[in-house]
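Only one structure is covered here, and it is reproduced in the block below.
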Amino acid sequence: MQSLEDFRQRYLQPLFATGTRNCSINACESLRIVSQLLILLKTLPNVEAAAGRAASKTIMGHAEAVSGSEASVILNLPEFDKRVRQIESRLRSVEQPVWHLATGSQLEWNHCTSGICRCNPDTKSFTCWNTNLKTVPVTQVIPMNMVAIDLSRNALSTLHKDTFRGLTLLKELDLSNNVLDFLPFDLFQDLDSLLQLRIQNNQLEDIDARTFWKLRNLNLLDLSQNDVTLLPESVFYHAQRLTVINLSDNQITNFPPNLLRDQLLLEELDMSRNRIETLASGSMRYMTKLKTLDFGWNQIGKSNNSKIDDDFFEGLISLRSLMLHNNRITTLSGNIFSRLTNLYTLDLTMNRISHIDGRTFAELKSLNELLLGQNSLSSIPADLFLNASALTRLTLFSNNLTTLEANDFEGLSSLRILMLNNNVLKFFDARAFQPLSQLEKLRIDSNKLMYLPQGALHGLDKLLAVKLDKNPWHCDCRALYLARWIREFVAKLWDGQQPMCRGPGDLGGHEVGLLRYDDLCDGQWASMLSLSPRLPVRKHQISTPMNYTDYFNLYLKHIYNSTTDEELKGAEITNVAIKKVQQLVD
Ligand SMILES: *[C@@H]1O[C@H](CO)[C@@H](O)[C@H](O)[C@H]1NC(C)=O
Ligand SMILES: *[C@@H]1O[C@H](CO)[C@@H](O)[C@H](O)[C@H]1NC(C)=O
Ligand SMILES: *[C@@H]1O[C@H](CO)[C@@H](O)[C@H](O)[C@H]1NC(C)=O
Ligand SMILES: *[C@@H]1O[C@H](CO)[C@@H](O)[C@H](O)[C@H]1NC(C)=O
Ligand SMILES: *[C@@H]1O[C@H](CO)[C@@H](O)[C@H](O)[C@H]1NC(C)=O
Ligand SMILES: *[C@@H]1O[C@H](CO)[C@@H](O)[C@H](O)[C@H]1NC(C)=O
C-alpha cells in the first residue's frame, strides 16, 4: 500500500459499498483496518499524513468499537498505537469462550473430572497448569462450589468477563505465567470469598480502577512481573483485608498518596523494581500492621524535586524491614525514620547518599542490620550510632570514607559484622574500633591504608575474621604491630588472605606476616625519610654520630608490651626518633 488512495480503494470501498448501515465486518476486522491505516500513516510524509488524519476520522466514525474521542488521539501516534492495542485486547476478551459453569452437584463434579484438566472433587479444586491453553477449555464443567482454580503457565491472553461468574466460594485463583494483557473490570465481580489472587508474570499494562473492588476478603494479591505503568489511586479501594500486595517488577511511575487508604491490615508491600521517583506523605500513615516494605530498585530521588517526604514512614510502627536499596537517594534527614522503633533491617545500599543527619538512626532502638554500602559517604556524622545498641551488622563498603575518628562507632555495643572495604581509608584513629567489643567480622580490605594504627585491633576479643589485604601496606618499622598481630592471630585472617607489603623497595610483594624485626626495621630511617629505599644502616652506614639502637629498643618494648598506654607512648617515641634522625640528616 503506497498512499491513502490505495487504502481507500482496498479497504473503504468494499466496506461501505453496501451502505454504512449494513457493515458486515466484525469489530476485530474493523480494528485491523484501523491498524493498517496507522501503519500507512507512519510511512507517509508529513503533508500526506495531515490529510490522513482527516481520512482516519471518517473511518473511525464508522468503526463502532472505536469511540469518537479516539480520532483526536491520532496526532500522537504512539498513544494511538497503544489505544488500538487496548481496544484490540478488549474485543478479544469479548470473543473469548467461557467454560461451562454448573451447579455443584455430584453429577457435575463427575463431569468436571472428565474434562481435559485435573479436577479434584475432594479438595474442590481444578488445575489446568502448564497445558498450553490459549483460551479456557469450552467443554470443561466448573461446578459453582469450586474452591481453587489454577490456570497458571499457559498462553491465555485475556478472559471473558463471565469466566468466574457465580464462583462465590472460590478461595484461590492462579492466573500467573500467562500472557494476559487485559482483564475485564468485572472479571472478579462475584469472587466474594477469594483469598489469594495470583496474576504475576503476565503482560498487563492497564488495570481498571474497579478490577479488585469486590474482593473484600482478598488477603494476597500478586501482580508482580507485569507492565503496569500507572496505578489508579482507587485500584485497591474496598479490598480491606489485603495483607500482601506484590507489585514488584512493573513500570509504575507513581505512588498515589491514597493508594492504600483501605489497607489497614497490610503486612507486606513489595513495590520494588518500578520507576517510582517520589514518596509523598499519605496513606502509609495508618498502616500500623505493615511489617515489610520494599521500594528497592526504583528511582527515588532521581530529580531535584523527587524525594521522600519526611513523614512518609510515619505510623509504620510495626515495620521490621525497609528496603530502599538501588535508588538515587542523596540525603537522609533527621526525622525520616524517627517513628520506626521496631525496624530490624534497613537497606540503603546503592544510593548516592553523601549526607546523613546525625539523628537519623537515633530512634531505631531495634535496628539490627543497617546496610549503607555503595553510597558516597566521606565521613561518619557525629553521634550517628549512639543509640544503635541493637545493631549487629553494619555495611559501609564502597563509600568515600577517608578516615575514621575515635568516636565514629560509639554506641555499637552489639555490632558483630562491620564492612568497611572498598573505601579510601588512609588512616584511622587507633581507638575507632574500641567500642566494638562484640565484633566478629571486620573488613578493611581494599582501602589506602599504609599502616595499621598501633593497637587498632586491641580488645576485640570476639574477633573471628578480619580482612586486611589489598591495602598498600608499608613495611617499615611501623608495620611491626601489624606483622606481630598477624603472626599471633593468623587463623583470624579472612579466608586466610595474607596482607602484602606494597613497599618499601624489595619488600614489596612480601607477606607482612612473614616479616620479622630485622626485615622491617633494617633500613628503617632511610625508608621513613623517603630516601632511596632500604639502605641497610649497618652495612652502608650513614655518617652520623648517632646510635639509634636505644630508640629502637624503646620502641620495640612498647610494641611487644601491649598495654594501651604503653602503645600510645610507643607511637610518640617513634615520632621523636624520626624527628631526631631528620634533624641529623638535615
Ligand atoms: C447486509 O447486506 C448483506 C448483503 O449485502 C445481506 O445479506 C444482509 O442480510 C444484510 N444485513 C442486514 C442486517 O441488513
Ligand atoms: C514479589 O514478586 C517477586 C517476583 O515475582 C518475588 O521475587 C518477590 O519475592 C515477591 N515479594 C513478596 C513480598 O512476596
Ligand atoms: C537516644 O535515645 C534517647 C531515648 O529515646 C533519646 O532521648 C536521645 O536523644 C537519643 N540520643 C541521640 C544521640 O539521639
Ligand atoms: C569522594 O570524595 C572526593 C573528595 O572529597 C570527591 O571529590 C569525590 O567526588 C567523592 N566521590 C564520590 C563518589 O562521592
Ligand atoms: C649503640 O649503643 C648500644 C648501647 O646503648 C651499644 O650496645 C651498641 O654497641 C652501640 N652500637 C654501635 C654500632 O655503636
Ligand atoms: C614490659 O613492660 C614492663 C613494665 O613497663 C617491663 O618491665 C618489661 O621489661 C617490658 N617487657 C618488654 C618485653 O619490653
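In listed order, ligands and their atoms are each counted from 1.
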Which residue supplies the protein heavy atom nearest to atom 4 (C) of ligand 4, what is that atom called, and how far is it? Asn400 ND2, 4.7 Å

Whether over 12 other heavy atoms sit under 6.0 Å from Arg165 CZ: yes

Between Lys214 and Asp192 (salt bridge meaning N to carboxylate O under 4.0 Å), is one present in this structure? no

Going by the angle between their ring planes, with limits at 30° and 60°, are His325 and Trp297 parallel, tilted or perpendicular? perpendicular

Write out the residue and atom name of the closest protein heavy atom to atom 5 (O) of ligand 2, then the distance separating them to 0.1 Å. Ser224 OG, 2.8 Å

Any nitrogen or oxygen of Asp270, main chain or side chain, under 3.5 Å from a nitrogen or oxygen of ligand 2? yes

Residue portion contacting ligand 2 (non-hydrogen atoms closer than 4.0 Å) for Glu268: side chain

Determine, counting only non-hydrogen atoms of the protein, whether one lies under 4.0 angstrom from atom 9 (O) of ligand 2. no

Is Asn246 in polar range of ligand 2, meaning some N or O pair under 3.5 Å apart? yes

What do you think, any protein heavy atom under 4.0 angstrom from atom 1 (C) of ligand 4? yes

Parallel, tilted or perpendicular: which fits the ring planes of Phe236 and Phe212, with parallel below 30° and perpendicular above 60°? parallel

Fit a plane to each ring of Phe295 and Phe312, take the angle between them on a 0 to 90° scale, and name the class: parallel (under 30°), tilted (30 to 60°) or perpendicular (over 60°). perpendicular

Considering only heavy atoms of Ser376, which atoms of ligand 4 have at least one such atom less than 4.0 Å away? 14 (O)

Taking the inter-plane angle between the rings of Phe188 and Phe164 on a 0 to 90° scale, is it parallel (under 30°), tilted (30 to 60°) or perpendicular (over 60°)? parallel

Min N/O separation Gln225 to ligand 2 under 3.5 Å: yes

Output the distance between atom CZ (Phe313) and atom CG (Leu324), rounded to the nearest 0.5 Å. 4.5 Å

